[in-house]
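To start, the structure under review is shown below, and the notes come after it.
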Amino acid sequence: MGKYQYDYLIVGAGLFGSVFAYEAKQSGKKVLVIDKRDHLGGNIYCENIEGINVHKYGAHIFHTSNKEVWEYVNQFVEFNRFTNSPVANYKGKLYNLPFNMNTFYQLWGVKTPAEAKAKIEGQRKEFANITPSNLEEQALFLGGKDIYEALIKGYTEKQWGRPAVEIPAFIIQRLPFRYTFDNNYFNDIYQGIPIGGYNKLIDCLLNNIEVRSNINYFENKEELDGLAEKILYTGKIDEFFDCKFGKLEYRSLHFETEVLDMDNFQGNAVVNYTEKDIAYTRIIEHKHFEFGTQEKTVVTREYPHEFSKDNEPYYPMNDNTNESLLLKYQELASEVAHKYIFGGRLSDYKYYDMDDTIEAALKLVKDILK
Ligand code: UDP
């Protein structure tokens, strides 16, 4: 370590930084974690309101098929049996998600998988021979017109703030189609919410690790860089380089949260509003993630929003323009690799789920600590 007080300065106390900090400490390294916010945990942080864990930065549902990642998180916290089964509200009617036999029955009255398949084949006939090159084509190719119009187009266009033909196809490949009556949104083997909340997971990872919140790295960069031999930076990669080639684009969100004087508002954790004319994309009722029995309830309306310096970068816009910009920043990053390591959702500019984040952090651990 020589002249440095720490082996690693970790910029960002989110899931990626916290997993790396924990593992570095386990390997006998001295680490300091800083974060610009006044709390730890990045976007998985929850705020307790009326005894309910409120997902302040959007709903987080842990799901994975990676056994190593599942066992990893389970050494810190137990998970409950929450299974995400969102309901979609389109023009006042309710439909189950993801697209499954319940949805097909609600849309068309079909009762058997054979009837549903025949219906969908008819619906997608004119698109069956295309090679989808954008989200609209991908959706039409998979399920045809009715599903696209009622459950995808409006939601997607307000979520991303651009026409569906300008959105990459891979975004919708996440949504399963099933010919069973199964409303589980995810195909993964493991799923749940940490018992006691996500903050508990972060507290376990950062236990006995030096952390400083309310620290803006860029305002004290020189001094902070002088503290540690290596810096793990988990923030936006363009910002690290002063956005000198231009800004990477993100889609942001605006949350409106209210406490309601009733015990159950919508009977489900997630209700999507798929029509274009309703400005929010979904209403989250937080207590249902943990089967809460509190007297009151807390709901959050989620409004997609332009990204600016005044809000959070949630979704990377992984189109060709942004991907080529990213490459330029990654080249700069490789030039400073002797001192700076880049990792996490914002540095990798990827649409990471929590399990992807942990997997990436554990890979970094293997590459440089083991
Ligand atoms: N989507 C949709 N209708 C829905 C829910 C999702 O069309 O009711 C599409 C939309 O394009 C969205 C994508 O599927 O961006 C992924 O949605 P998901 O809820 O999986 O993503 P999250 O925003 O929760 O990361």
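Both ligands and their constituent atoms are indexed starting at 1 by order of listing.
- Using modelled atom types, one side-chain atom of Lys230 and one backbone atom of His338 make a donor-acceptor pair closer than 3.5 Å.
- Nearest to atom 23 (O) of ligand 1 by heavy-atom distance, out of Phe99, Tyr315, Tyr148, is Tyr315.
- Tyr155 and Ile167 fall into different hydrophobic clusters, where Ile, Leu, Val, Met, Phe, Trp and Tyr are joined by side-chain heavy atoms under 4.5 Å apart, directly or via other members.
- Ring-plane geometry between His39 and Tyr45 is classed as parallel, the angle between the planes falling under 30 degrees on a 0 to 90 degree scale with a further cut at 60.
- For ligand 1, the polar-atom distance check finds no N/O of Tyr155 at less than 3.5 Å from any of the ligand's N/O atoms.
- Inter-residue side-chain proximity for Val298 and Glu47 is flagged as unmet; no heavy-atom pair is nearer than 4.5 Å.
- Panel note: side chain Tyr329, backbone Phe245; a donor-acceptor pair is recorded below 3.5 Å.
- Residue contact check: Asn272 has heavy atoms under 4.0 Å from atoms 4 (C), 5 (C), 8 (O) of ligand 1.
- Here the side chains of Ile147 and Phe177 are in contact, with some heavy-atom distance below 4.5 Å.
- Within ligand 1, the atoms closer than 4.0 Å to a non-hydrogen atom of Thr274 are 8 (O), numbered from 1 in the order shown.
- Residue-level proximity to ligand 1 for Ile152 is carried by backbone and side chain together, each with a heavy atom below 4.0 angstrom.
- Under a 4.0 angstrom heavy-atom cut-off, Lys153 registers as lying outside contact with ligand 1.
- With a heavy-atom cut-off of 4.0 Å, Glu157 does not touch ligand 1 at all.
- A perpendicular orientation is assigned to the rings of Tyr250 and Phe307, their planes being inclined by more than 60° (bins at 30° and 60°).
- Which of Tyr185, Tyr90, Tyr273, Tyr95 comes nearest to atom 18 (P) of ligand 1 through a heavy atom is settled by distance: it is Tyr185.
- An N or O contact shorter than 3.5 Å links Leu151 to ligand 1 by distance.
- Heavy atoms of Ile167 found under 4.0 angstrom from ligand 1: none, in either backbone or side chain.
- For the residues Trp160, Tyr352, Phe170, Tyr314, the heavy atom positioned nearest atom 15 (O) of ligand 1 is part of Trp160.
- Atoms of ligand 1 lying under 4.0 Å from any heavy atom of Leu97, numbered from 1 in the order shown and given with element: 8 (O).
- Tyr217 and Asp225 form a side-chain donor-acceptor contact under 3.5 Å, judged by distance and modelled atom types alone.
- With Thr281 contributing its side chain and Lys158 its backbone, the two residues share no donor-acceptor pair below 3.5 Å.
- Here is the list of ligand 1 atoms found below 4.0 Å of a heavy atom in Tyr351: 21 (O), 22 (P), 23 (O), 25 (O).
- Of all atoms in ligand 1, listed by their number and element, those nearer than 4.0 Å to a heavy atom of Gln159 are 15 (O).
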